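Have a look at the structure below before the remarks.
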Amino acid sequence: MKETGKRTSPSCSLNPDDVDRIHHAKSILTARLDNPPSLMELARQVSLNDYKLKIGFRQVFGTTVFGYLHQHRMET
């Protein structure tokens, strides 16, 4: 049996609007490094549910929301 397209995280179909919202979430995190919103607050601000934000963020950026935040803080 042949495996195709094995992924490490559950897949979630993202439309272009969702991708824009995920990029907006990243810009909110970048702007609020000292006092970032909680995952639920961030999801509300970009009009996504928390599950879609978590899964979509990993698909788009290859890391979790707060993994990105930690990495960005370390770089600056």
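Quantities reported herein were computed from a predicted structural model and do not represent experimental measurements.
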Original post:
Do I55 and L53 sit in the same hydrophobic cluster, where Ile, Leu, Val, Met, Phe, Trp and Tyr count as joined when their side-chain heavy atoms come under 4.5 Å apart?
Top reply: no
Original post:
Can you name the nearest heavy-atom pair linking N49 to A43, along with the distance?
Top reply: C-CB, 4.0 Å
**OP:** Would you mind reporting whether S27 and R32 have side-chain heavy atoms less than 4.5 Å apart?
**Re:** no
Original post:
What distance do Y68 atom OH and R73 atom CZ have between them, rounded to the nearest 0.5 Å?
Top reply: 11.5 Å
Subject >> Q45 and I28, any side-chain heavy atoms less than 4.5 Å apart >> reply: yes
Original post:
Do any N or O atoms from the side chain of R21 and from the backbone of V46 form a donor-acceptor pair under 3.5 angstrom?
Top reply: yes
**OP:** To the nearest 0.5 angstrom, please state how far the CD1 atom of I22 sits from the CG atom of L14.
**Re:** 4.5 Å
**OP:** Take atom NE2 of H72 as the centre, draw a 6.0 Å sphere, and report whether it contains more than 12 heavy atoms from other residues, nucleotides or ligands.
**Re:** yes
**OP:** State yes or no: do Y51 and L42 share one hydrophobic cluster built from I, L, V, M, F, W and Y residues joined by side-chain heavy-atom distances below 4.5 Å, directly or via other members?
**Re:** no
Original post:
Are F57 and H23 close enough that their ring centers fall under 6.0 Å?
Top reply: no
Subject >> Separation between NZ of K54 and OG1 of T64, rounded to the nearest 0.5 Å >> reply: 10.0 Å
**OP:** First locate atom CD of E41, then atom CG of D50, and finally report the distance between them rounded to the nearest 0.5 Å.
**Re:** 12.5 Å
Original post:
Rounded to the nearest 0.5 Å, what separation is found between the CG atom of L48 and the NE2 atom of H24?
Top reply: 10.5 Å
Original post:
Are L33 and V65 co-members of a hydrophobic cluster defined by side-chain heavy atoms under 4.5 Å apart?
Top reply: yes
